[in-house]
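Side chains are part of it too, since the values below use all heavy atoms of this structure and drop only hydrogens, waters and symmetry mates. Just so you know, residue 1 is the first one in the sequence shown, and it goes up from there.
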Amino acid sequence: MAKIAYILLCHKDPEAIIQQAEQLTAAGDFMSIHFDASAKSESFTMIRDALEDNPNVTFAHKRIKCGWGEWSLVQATLYAIEAAIDDFPRATHFYMLSGDCMAVKTAEYAHQFLDDNETDFIESFDFFDSDWIKTGMKEERLIYRHYFNERTHKSLFYWAIELQKRLGIKRRIPGDVQVQIGSQWWCLRRRTVEGILDFLRNRKDVLRFFRTTWIPDETFFQTLVRHLVPENEIDTRTLTFLMFTDYGMPVTFHNDHYDLLLSQNFLFARKISPDAKTLKARLGKLYASRGINFQISNEGRSLYKFLTTQGRAGRRFGMRFWETESTLGRERELMIVVCKKWHVAKRLMDQTRQETEIPAIDYVFDEHNTPLPDLGGIQSSLAKRARHRRALMRMLFEYFESDRMVVCMDPSNLDLMHDFFSDRSMTRLLQIECDFTDDYLIGHARRIGLAGDRTSQLTLERLLPTIRNDINHEADRIRDAGFSRHFRIRQSDNAETNAAKLVEFLSLPYEAALKLAQTRQLFDD
C-alpha cells in the first residue's frame, strides 16, 4: 500500500500549517516541512512545538531564505526531501505541496490511485519546443547566469543580463541533459527521488548549471526525472488541480466550490482562499474519511472557460463562481502613501525597497510608466488599473508572494482610498505634507498643462494662489475623510518625529523607520 511523504514549502500562517500537517498525517502518511528562514522565528517555534510529538512529521535539516524564481526554492525542497528520505523509510511516494493546497480526495482513494499507477506524475515538456512559457524570457532563463532576484532587485537583474549580452557571455547546457519544463507540483516514486539525489552527488556540473538558472523550480526536477526515468513511467501531468485566470494568476477557490473540487480527477487543489473557512473545514475532514465514492466529471477547466466567454459576450449578470469575493484578503496589509510631490514619495519607496522586504510600488494609479510585472494586460493602462483596482492589488500581492505591500497615490484619488479602506484587508494611509515654493508650483502648473513655456509671469502670479488652494483642499479632504489608521509626516518635522509615525505605518522597528525618515534629500525639490 502506498505511503505518501508530503514535501511542504511554506512561509506563513503557522496555525494553518499545523492543521494541514495533522490532517494529512492522521491517515498514516508523512510530512517534511521547510519553513522559510525569512519568516518570523516565533512562527517556526510554534509549528515545531505543536508537531514535535507527531512521529509522522519531520523538518528540513536546514532552513534557508527563499525567493520566488530563485534556486533557493529548489534547495529548500531538496533539504526537505533529504529529511523525509532519512526519517520515513516506509514512504513510497513524495508529493510536493504548498500551504495553499488541500486534499480533494480521501487518503484511501489517493493510496489506491498510486498503487494502480506505477508512474511518476510530473509535468515534463521540452523547454524549447513546447509553448509552456507564454510570455517573458525563455532561452535567457538558461544561457545567462542569474545572480539577482527580478522581484526584489529588478534593475540589477536586467542589468546583469544586458551586461552578459554585451560581453557575449553565454553558457552551454550540459550536453547529455535535455531541459524540460512544467509545474512544480509533482508526485514522484521513492526510487525516482533517490535516483535524483544519487545523480546530484555525481553530477556537480548539472547542479552548478541549475543554481544560476531563472525559475529553476519549473525546470530542475522536470529535467532530471525525464533524464533518469523511462518515458513510459512518466505521466506528464500534475495531481494538483489548479486553474489560471485570463491574467495568468491562479484561480482561488471559495466555500461554494466543494462539489466542483471533489469531482475533478486530481488528489489536491490549489489555491484555497484563506477566508473560505467552511470549505477548508469540509476538506480537512475529507482526507481521513473512508468508503466515499467519487463521481469524476472533470469539467472544472471547461466550465471556467465557458463562463469566462459568457462574461466577455455580455451575457453574465451575476458574479462568476470564482469571483464570489472581491476582497484583497482579510490577512493582507495595504499601506498607501499619499503625496503631491511624487518624487518625494518615490524616494521614500526606493529607500523602503532597500531597507526592508516590503514590496513598494510607485504611483500605480497615476503614472502609466510605473514599473509593474506582466499581469496579463490588467496593468496595461491607467483606466484598467483603476477599473479593476482590487483585482490588480490581489495579483500584485500574489506576484510578490507577500501579505504586505506599499503603494503611492496622488491626493486626488480620494475615491480609491475610500474603496480600499472599505475592504476587509488592513489598510493604512501615510500622508506626506510638503512645503511648496512658488517655483515648484509653477513647474507643477506646466507639468499638468495649466501653463506653458510662454505663459507670462503676471498670469503665473495670478494662477499660483489657485493652485496652492487646490493642493491644500485635496489635503483637507483626506484629513476630513476620517480614515482610521491615518498617519502624517511633515517636511517641517525632524527625522525622529517622522520616524515615530513610520513605525506605526509600516510596523517597523524604530531603527529601521529612522533610516527611512533620514532618507537623503527626501524633501528636496
Side-chain angles (χ1 to χ4, degrees), residues 38 64-78 122-184 196-197 199-228 236 248 346 349-350 353-354 357 359-362 367-377 379-380 396 399-401:
S38 63
I64 59 174
K65 294 182 179 181
C66 297
W68 186 90
E70 295 180 6
W71 168 257
S72 55
L73 286 174
V74 177
Q75 186 63 71
T77 305
L78 290 172
I122 184 169
E123 287 189 353
S124 181
F125 305 103
D126 187 277
F127 184 90
F128 294 99
D129 292 341
S130 71
D131 63 347
W132 201 87
I133 299 175
K134 303 295 184 184
T135 61
M137 295 189 303
K138 189 169 184 177
E139 183 184 34
E140 292 88 348
R141 290 192 188 189
L142 307 179
I143 63 173
Y144 298 121
R145 293 174 175 84
H146 301 278
Y147 299 106
F148 304 101
N149 189 296
E150 191 264 350
R151 291 187 172 180
T152 58
H153 298 90
K154 196 180 190 76
S155 57
L156 287 173
F157 178 85
Y158 288 106
W159 170 84
I161 295 175
E162 189 61 31
L163 181 63
Q164 292 176 78
K165 286 181 180 180
R166 290 182 181 180
L167 297 177
I169 301 175
K170 292 184 180 180
R171 60 175 180 167
R172 294 182 180 179
I173 299 169
D176 61 333
V177 172
Q178 185 177 1
V179 179
Q180 306 288 305
I181 193 167
S183 166
Q184 64 269 50
I196 290 172
L197 296 179
F199 178 84
L200 295 177
R201 282 189 280 269
N202 298 318
R203 292 294 303 273
K204 302 299 183 184
D205 60 319
V206 174
L207 196 59
R208 283 194 301 271
F209 172 77
F210 278 104
R211 280 184 183 277
T212 51
T213 58
W214 182 234
I215 320 182
D217 56 321
E218 294 180 351
T219 55
F220 179 75
F221 291 101
Q222 296 78 359
T223 299
L224 296 192
V225 170
R226 181 69 67 173
H227 184 75
L228 298 170
T236 53
K346 288 180 180 180
M349 291 298 96
D350 186 58
R353 287 187 285 267
Q354 293 181 39
E357 295 183 356
I361 305 172
D362 295 343
E367 194 169 31
H368 177 74
N369 293 328
T370 297
L372 291 173
D374 185 355
L375 301 176
Q379 82 294 342
S380 60
L396 288 171
Y399 177 83
F400 289 110
E401 294 188 332

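- In plain terms, the two heavy atoms of Ala76 and Ile64 that are nearest each other are N-CD1, 3.8 Å.
- In this view, Arg226 and Ser124 satisfy the side chain to side chain donor-acceptor pair (under 3.5 Å) rule, not counting sequence neighbours.
- For Lys138, the NZ atom counts as densely surrounded, since its 6.0 Å shell holds more than 12 non-hydrogen atoms of other residues, nucleotides or ligands.
- Judged by distance alone, with hydrogens and angles left aside, the side-chain atoms of Gln222 form no donor-acceptor pair with the main-chain N or O of Asp126 at under 3.5 Å.
- Looking at every heavy atom in both residues, Gln180 comes nearest to Thr223 through N-OG1, 2.9 Å.
- Between the OG1 atom of Thr77 and the CG atom of Asp217 there is a distance of 7.5 Å, given to the nearest 0.5 Å.
- One finds the OG atom of Ser72 at 8.0 Å from the CG atom of Asn149 (value rounded to the nearest 0.5 Å).
- Atom NZ of Lys154 and atom CZ of Phe148 lie 15.0 Å apart (nearest 0.5 Å).
- The CD1 atom of Ile143 sits 8.0 Å away from the NZ atom of Lys165 when rounded to the nearest 0.5 Å.
- Side chains of Ser130 and Ile181 form a contact here, defined as non-hydrogen atoms less than 4.5 Å apart.
- Scored by the ring-ring contact (aromatic ring centres under 6.0 Å, His included) test, Phe221 finds Trp186 as partners (sequence neighbours excluded).
- The main-chain N or O of Phe157 is never found under 3.5 Å from a side-chain atom of Glu150 such that the two would form a donor-acceptor pair.
- Residues Pro216 and Leu73 fail the side-chain proximity criterion, which asks for heavy atoms closer than 4.5 Å.
- Atom CD of Glu357 is surrounded by 12 or fewer heavy atoms from other residues, nucleotides or ligands within 6.0 Å.
- Nearest heavy-atom pair, Ile169 versus Arg145, reported as atom, atom and distance to 0.1 Å: CG2-NH1, 4.1 Å.
- Across all non-hydrogen atoms, the minimal contact from Gly69 to Trp214 is O-CE3, 3.0 Å.
- Shown here is Lys170, whose NZ atom has no more than 12 heavy atoms of other residues, nucleotides or ligands within 6.0 Å.
- For the salt bridge (charged side-chain N to carboxylate O under 4.0 Å, His left out) condition, the pairs that include at least one residue of residues 203-215, sequence neighbours left out, are Asp176-Arg203, Arg203-Asp205.
- Here the side chains of Met137 and Tyr144 are not in contact, with every heavy-atom distance at 4.5 Å or above.
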Next on the checklist: What verdict does the side-chain hydrogen bond (donor to acceptor under 3.5 Å, both in side chains) test give for Thr219 and Arg141, after you've listed the backbone C-alpha separation in whole Å, the side-chain angles of each residue and the deciding distance to 0.1 Å?
Outcome noted: CA-CA 10 Å; Thr219 55; Arg141 290 192 188 189; over 6 Å; no
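- In this structure, CH2 on Trp68 lies 8.0 Å from CD on Glu401, to the nearest 0.5 angstrom.
- The shortest heavy-atom contact between Met349 and Ile361 is SD-O, 4.1 Å.
- Atom-to-atom distance recorded for Leu142:CG and Arg171:CZ is 7.5 Å, nearest 0.5 angstrom.
- Taking 4.5 Å as the limit, some side-chain heavy atom of Leu78 sits within range of a side-chain heavy atom of Leu197.
- Remark: side-chain polar atoms of His146 are not paired, donor with acceptor, to backbone N or O of Ala160 under 3.5 angstrom.
- The shortest heavy-atom contact between Leu372 and Gln379 is CD1-CB, 3.9 Å.
- Between Phe210 and Phe220, the angle of the ring planes goes over 60°, which puts this pair in the perpendicular group of the 30/60° scheme.
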